[in-house]
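Structure, as structure tokens:
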There are 4 protein chains.
Amino acid sequence: MNRPQGRTGRPRSAEADRAILDATRTVLVELGWGKLTLGEVAARAGVAKTTLYRRWAGKNELVVDAVADLFDEHLELPDRGSLRADIEGVVRQFAALLDRPETKTALMAVVAESTRDEALRERIRSAIVDRQKNLVLLGRARAQERGELPYEPDPVLAARTADLIFDVIAGAVVHRTLVSAEPVDGEWARGFTALLVGGLAAAAGGSA
Amino acid sequence: MNRPQGRTGRPRSAEADRAILDATRTVLVELGWGKLTLGEVAARAGVAKTTLYRRWAGKNELVVDAVADLFDEHLELPDRGSLRADIEGVVRQFAALLDRPETKTALMAVVAESTRDEALRERIRSAIVDRQKNLVLLGRARAQERGELPYEPDPVLAARTADLIFDVIAGAVVHRTLVSAEPVDGEWARGFTALLVGGLAAAAGGSA
Amino acid sequence: MNRPQGRTGRPRSAEADRAILDATRTVLVELGWGKLTLGEVAARAGVAKTTLYRRWAGKNELVVDAVADLFDEHLELPDRGSLRADIEGVVRQFAALLDRPETKTALMAVVAESTRDEALRERIRSAIVDRQKNLVLLGRARAQERGELPYEPDPVLAARTADLIFDVIAGAVVHRTLVSAEPVDGEWARGFTALLVGGLAAAAGGSA
Amino acid sequence: MNRPQGRTGRPRSAEADRAILDATRTVLVELGWGKLTLGEVAARAGVAKTTLYRRWAGKNELVVDAVADLFDEHLELPDRGSLRADIEGVVRQFAALLDRPETKTALMAVVAESTRDEALRERIRSAIVDRQKNLVLLGRARAQERGELPYEPDPVLAARTADLIFDVIAGAVVHRTLVSAEPVDGEWARGFTALLVGGLAAAAGGSA
DNA sequence: GCTTAAGCGAGACGGTACGTCTAGTCTTCAT
DNA sequence: ATGAAGACTAGACGTACCGTCTCGCTTAAGC
């Protein structure tokens, strides 16, 4: 009864949506970003190309959405009891996500494209980046409750610091994985966490 | 005498090489990685496609070389008197490099491709990454001479730490610039440097 | 009252039929046969594609019907007093019909299609060709009444001759208009009529 | 040595041309005009679509050239000794050509398209129509030599008459074959020829 | 100075994918 | 049941690049 606008005609198939996103991930794994073809995705999804183009403007948009699903499913922040453990946990989790063949190439590729495409950048931000950033905010709030970090009264400064921490964590993990092409193993995760926690403590102590 | 094999015939034109790399950078700026075409580069360089393919295997290899030139010209580490100043200097320098339109997209794109192409990864490492990493080694050596950082006797551990610092610096700057899409201004550079120097100091103190 | 079968539900709109045929002719004029699209016709007629497909099997059938209407309206054979005048009249009339933009292309196109489609050929025959052929029969009957042509006692032979005359008249006009792409002006019509009447007279005299 | 213009680059393959035209005829026979696809032709010819598009602008142009070859090979006018025999011969020859599956649909279809495309009309004229018309001119010249037809001193009038005869012959055969969809058998050919020769004789006698 | 082999510009070649368009069918809601 | 709207499968369209090839011409090293 409550079709908001004068909606008419056959509704879009939700099944098609799912099949397309699943096929996209499968093709990413098998062929990689470079050889991923919208025609191939459509064929694998058992769907006509037009159906795909009706929903996504192109390869970039499709892949962002397909990858974003993974971030939804695999990023969370259980309370591990200390700031150090929380950071190390999120580092490992993010590294595990980046290690999947469907995210590895795809993520960097869409980021590369996004430098020339404002709409794409916005889509990446809302679908992927903001969800990660929320983990940082949650982690800090917990650390503040535990007394590990001081409360920052100035909201602007607080936001800036959160952004900085986010760039440091995500940037380091991405760089280690993709550019240095070395694994994020337990040792590296511990070393990195130590460095970061040390820096945060120094900043907290220094400002105290 | 020292033509290794029986080399004869017309030698390759050095001018063509230069024209091709220049054209590559120009096209990167104007069209971006995604729309860069080898045919277009050849046309701009006033060169036949064959000439281009005789020297580079494809788009990826060509762009790596074209961008690597920029890293050669624009990355250096003058002694700024303190570890903190050296780090902040290199952060700004690298950020300025990433802000150029020809590096912005290109760098991430070739890194994305390199996840599926071992040879390309090696080429990126030798042409770009290692040169940056040397700056880290040089900066640490200077800081050790100044007494700001302790000498690490274990060479394996020393290498690991250098790698970690490199991933943190480069990763944070890249992430800030490309993913968060926010500028690396003076404030951010100071904040980041403070965090990193604090962490390094804590590690040095903690191990002392 | 008299709904032959158990007909129920909403009856078909006669208005829709008319709108579709009108739209078909309009589109034929504007875009020609080649670019005529059933979707476009439906849109212009303010009708859903389904409605159109419920009534016609495809583009060919639709166009045949749309064009047949014109033949109904514009072909007739008033008694002009002599065989020669009757032939010249029908030649001019048919030429005028072929000169319309909606028939010009359409007629040849459906004829071309009909070479591979028996049902279409039959539809063209009953909707268009037979109506033209009747004019030939009528003209001959009048000429026989006037004494300009002898009566042919053998009905088979009579039918054959009528077919031949029909192919000569219609074929010549069509060929002149579409293949030679020259106008059927008064001079041509007179010349052609003279040739045909001469031939008929010779045949009548020869058999006498 | 004598490359007229500054000709450079790899020359076009004559073999490709031949393979494409052969494939076009094959596909015309198997699938007919309506289902003929440039992609299919290219595939059958063992040639890339681009190669085909480099030479022909589209389906119409290609088919005209493919069919024109047949007219070159199969239309000739041996001297059969009399005007009547020459006409009957050319009628049978042309009918035989139209009866081939590759010409039947194709010829009418391109003629239909040509009503909206001046360039295509010109191509049809020069590739097909003019060659047929030459047979008419040749036949008349022979008949004049034999004394069967008078010489026409006015060249304009002579040309008009030739055009008229051409439209009558070609039009009648085409109409019989495609529209009436009846065979051009010996009886029809004789009847038609008698009618035309009678008309020509009457005209010649009338003007004498 | 002549030979000779590679380099060179040009552009055609077989391919692959693109993103769009049309055909004809199907599904939904409203009449 | 019919109608309007519009999503659906299927597949051709004509274009753009890819990386390779075939031309005829140019250029230097080595005889």
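Heavy-atom basis, side chains included; hydrogens, waters and symmetry copies ignored. Residue numbers start from 1 in every chain, and the chains themselves are labelled A, B, ... in the order their sequence lines are given, proteins ahead of strands. Predicted model, so just to flag it, every value in this text is computed and none were measured.
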ask   = With no angle test and no hydrogens, is the base of E:dG19 tied to the side chain of A:K49 by a donor-acceptor pair under 3.5 Å?
value = yes
Nucleotide of F:dC8, F:dC18, E:dT22 approaching C:T37 most closely (side-chain heavy atoms) = E:dT22
request  = Return the value, rounded to whole Å, for the distance between atom CZ of D:R54 and atom P of F:dA16.
outcome  = 13 Å
ask   = Would you call C:E15 and C:R18 a salt bridge, using N to O less than 4.0 angstrom?
value = no
task = Starting from P on E:dT20, measure out to NZ on C:K35 and report it in whole angstrom.
result = 17 Å
request  = Establish whether the base of E:dC26 is bridged to the side chain of A:R10 by a donor-acceptor pair shorter than 3.5 Å.
outcome  = yes
Distance, rounded to the nearest Å, where B:R12 contributes CZ and F:dA29 contributes P = 16 Å
message = Mind checking if A:G46 touches a base, just sugar-phosphate, or nothing, with heavy atoms under 4.0 Å?
response = sugar-phosphate
request  = Answer yes or no: does a side-chain N or O of D:T8 lie under 4.0 Å from OP1 or OP2 of E:dG11?
outcome  = no
task = Could you pick out which residue, C:V47 or D:G58, lies toward the 5' side of DNA chain F when each is mapped onto its nearest nucleotide?
result = C:V47
request  = Select base, sugar-phosphate, or nothing to describe what B:T50 touches, counting heavy atoms under 4.0 Å on all strands.
outcome  = base
query = Atom CD of C:E61 to atom P of E:dA23: distance rounded to whole Å?
reply = 13 Å
message = Quick check on DNA chain E: between A:E40 and B:R55, whose nearest nucleotide comes earlier from the 5' end?
response = B:R55
key: Closest listed nucleotide, where the reference is the side chain of A:P11 and the choices are F:dA7, E:dT28, F:dA5   = E:dT28
ask   = Can you check the D:L38 CG to F:dT15 C1' distance for me, whole Å?
value = 13 Å
ask   = For C:R55 and C:E61, what are the C-alpha separation, side-chain angles and deciding distance, and is it a salt bridge (charged side-chain N to carboxylate O under 4.0 Å, His left out)?
value = CA-CA 10 Å; C:R55 292 162 161 81; C:E61 288 75 8; over 6 Å; no
message = Less than 4.5 Å apart, side chain to side chain, heavy atoms only: is that true for D:W33 and D:L107?
response = no
key: Whole-Å distance separating the OH atom of D:Y53 from the P atom of F:dT15   = 7 Å
query = Should the pair A:R44-A:D22 be classified as a salt bridge under the 4.0 Å nitrogen-to-oxygen rule?
reply = no
ask   = Has the side chain of C:R25 got a donor or acceptor atom that lies under 3.5 Å from a matching backbone atom of C:A66?
value = yes
ask   = Starting at CZ of D:R44 and ending at C1' of E:dG14, how long is that distance when rounded to a whole Å?
value = 19 Å
Nearest-nucleotide 5' precedence on DNA chain E, B:S13 against D:S13 = B:S13
task = Starting at atom CG of A:L62, determine the distance to atom P of E:dC18, rounded to an integer number of angstrom.
result = 11 Å
